[in-house]
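As a basis for the values below, the full set of heavy atoms in this structure was taken, side chains included, without hydrogen atoms, waters or symmetry mates. Order of appearance sets the numbers: ligands from 1, and atoms from 1 within every ligand.
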Amino acid sequence: MEALQQDLLPLAYMITPNIPEACRLLGIDQIRNEAEMQEAAKRLHELGPAYILLKGGHMQGERSVDILYDGRNMELLEAPRIDTPHTHGTGCTLSAAITAELAKGRSALEAAAAGKEYITAAIRHALAIGGGIGPTNHAAYRLYNN
Ligand SMILES: Nc1ncnc2c1ncn2[C@@H]1O[C@H](COP(=O)(O)OP(=O)(O)O)[C@@H](O)[C@H]1O
Ligand SMILES: Cc1ncc(COP(=O)(O)O)c(C=O)c1O
C-alpha cells in the first residue's frame with residue numbers, strides 16, 4: 001500500500017479505483033453519495049495521478065455514475081444501473097477499453113466516455129454462464145450499439 005501511494009500513483013496517467021479501493025487508498029471508512037465521491041476524487045488526485053476515474057458501480061441508485069477528475073474539471077459519466085448479478089470483470093473490462101481508446105490517440109475524457117459505453121453494453125448483455133457470477137459480454141458494444 002505504501003509503495004502504491006508513494007511510488008506508483010505519482011507515475012500513473014489514470015487510475016480507476018472502485019469505491020472500496022478508493023476508501024482503502026484514502027484510509028476512510030465509506031463513500032456514501034456523489035458529493036463524497038467528488039471529495040474522494042480530489043483527494044486521490046493529490047496522490048499524483050493525472051486523471052482519477054472513480055467508479056460508482058458499488059453505489060446504490062438508478063444510475064451508475066463514474067467521476068473523471070483531472071485536478072480542475074469534474075466530469076460525470078452516467079449510465080442506467082443494470083439489474084444483473086453477472087458483473088464479473090467489469091472493472092478490468094472498463095480499464096482495458098479505456099487503454100485501447102487512449103492507444104488510438106483519444107483524450108482521457110473521450111476514452112473514459114467510450115469505455116463507459118463499452119462496459120454498459122457489456123453488462124447489459126452479460127453472459128449467464130458458469131455456476132456463479134457470469135462475465136461481461138465483450139462483443140456487445142459491437143453487436144448491439146451500432
Ligand atoms: N449494475 C451495473 N449497471 C451498470 N453499470 C455498472 C453496474 N455495475 C458496475 N457498473 C459500471 O461498471 C464499471 C466498473 O465498476 P465497479 O463495479 O465500480 O468496479 P469494479 O468492477 O472494479 O468493482 C463502472 O463503469 C461502473 O459504473
Ligand atoms: C485475475 C482477475 N482478478 C479479479 C478480477 C476482477 O473481477 P471482478 O470484477 O469480478 O471483481 C479480474 C478482472 O477481470 C481479473 O482478471
Side-chain angles (χ1 to χ4, degrees), residues 1 3-5 8-9 11-71 73-104 106-146:
M1 186 56 75
L4 187 58
Q5 288 161 326
L8 291 177
L9 292 185
L11 301 176
Y13 179 68
M14 185 186 295
I15 62 167
T16 63
N18 63 22
I19 295 293
E21 290 162 350
C23 287
R24 187 80 194 279
L25 282 169
L26 295 174
I28 59 179
D29 287 338
Q30 51 183 350
I31 294 171
R32 285 167 297 197
N33 51 46
E34 222 169 275
E36 290 185 4
M37 279 181 76
Q38 295 195 18
E39 186 56 34
K42 287 182 185 168
R43 288 191 50 205
L44 287 165
H45 189 263
E46 287 166 9
L47 297 176
Y51 289 89
I52 307 299
L53 183 69
L54 178 54
K55 302 176 296 187
H58 295 246
M59 304 291 283
Q60 307 290 321
E62 287 184 5
R63 318 275 303 158
S64 190
V65 182
D66 304 341
I67 288 181
L68 182 69
Y69 183 63
D70 66 356
N73 299 312
M74 194 76 73
E75 304 283 351
L76 301 190
L77 304 174
E78 300 190 40
R81 185 174 297 281
I82 297 152
D83 186 14
T84 175
H86 304 304
T87 55
H88 182 52
T90 47
C92 303
T93 302
L94 175 64
S95 58
I98 292 172
T99 304
E101 291 298 316
L102 290 173
K104 282 155 58 180
R106 306 267 189 264
S107 71
L109 177 56
E110 288 168 341
K116 181 70 169 167
E117 287 192 27
Y118 184 90
I119 190 59
T120 303
I123 295 170
R124 182 170 285 128
H125 300 281
L127 303 166
I129 55 174
I133 294 173
T136 64
N137 183 347
H138 289 197
Y141 181 80
R142 191 161 19 92
L143 290 175
Y144 308 115
N145 262 45
N146 295 307

Hey, which atoms in ligand 1 end up nearer than 4.0 Å to a heavy atom of [X]?
X: R81; result: 1 (N), 3 (N), 4 (C)
X: P80; result: 3 (N), 4 (C)
X: S64; result: 4 (C), 5 (N), 6 (C), 10 (N), 11 (C), 26 (C), 27 (O)
X: N18; result: 18 (O), 19 (O), 20 (P), 22 (O), 23 (O)
X: K116; result: 25 (O), 26 (C), 27 (O)

Next item on the list: Starting from the C-alpha separation in whole Å, work towards a yes-or-no answer on side-chain contact (heavy atoms from CB on, under 4.5 Å) for I119 and T90.
Entry: CA-CA 7 Å; I119 190 59; T90 47; 4.2 Å; yes
Could you pull out all donor-acceptor pairs under 3.5 Å where a side-chain atom in residues 49-60 meets a protein atom, sequence neighbours excluded?
unit_1, atom_1, unit_2, atom_2, d
K55, NZ, T16, O, 3.0

Check: Contact between I123 and ligand 1, counting heavy atoms under 4.0 Å?
Finding: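 The answer is yes: ligand 1 sits under 4.0 Å from a heavy atom of I123.
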Margin query: Would H138 and T93 count as a side-chain contact (heavy atoms from CB on, under 4.5 Å) here? Give the steps.
Written below: CA-CA 8 Å; H138 289 197; T93 302; 2.9 Å; yes
Notebook entry, point to check: Quick one: which of I82, L54, I19 has a heavy atom closest to atom 1 (N) of ligand 1?
Noted result: I82
Margin query: Heavy atom to atom 13 (C) of ligand 1, shortest distance: which of L77, T93, L94, I98 holds it?
Written below: L94
Do ligand 1 and [X] have nitrogen or oxygen atoms that lie under 3.5 Å from each other?
X: D66; result: yes
X: T87; result: no
X: I119; result: no

Note to self: For L102 and E110: C-alpha separation, side-chain torsions, deciding distance, then whether side-chain contact (heavy atoms from CB on, under 4.5 Å) applies.
What the structure shows: CA-CA 8 Å; L102 290 173; E110 288 168 341; over 6 Å; no
Checklist line | Side-chain ion pair, R43 and E46, N-O less than 4.0 Å | finding: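 No, R43 and E46 are not salt-bridged.
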Margin query: One thing to verify: whether E78 and R63 come together as a salt bridge, which I'm taking to mean a side-chain N less than 4.0 angstrom from a carboxylate O.
Written below: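 Salt bridge flag = yes for E78 with R63.
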Next item on the list: Please state whether the rings of Y141 and Y118 are parallel, tilted or perpendicular, taking 30° and 60° as the class boundaries.
Entry: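 Taking Y118 first and then Y141, their aromatic rings sit tilted (interplane angle of 30° to 60°).
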Below 3.5 Å, can you tabulate the donor-acceptor pairs from side chains in residues 29-38 to any protein atom, sequence neighbours excluded?
unit_1, atom_1, unit_2, atom_2, d
R32, NE, E36, OE1, 3.3
R32, NE, E36, OE2, 3.1
R32, NH2, E36, OE2, 2.7
N33, OD1, A35, N, 3.2
N33, OD1, E36, N, 2.8
E36, OE1, R32, N, 2.7

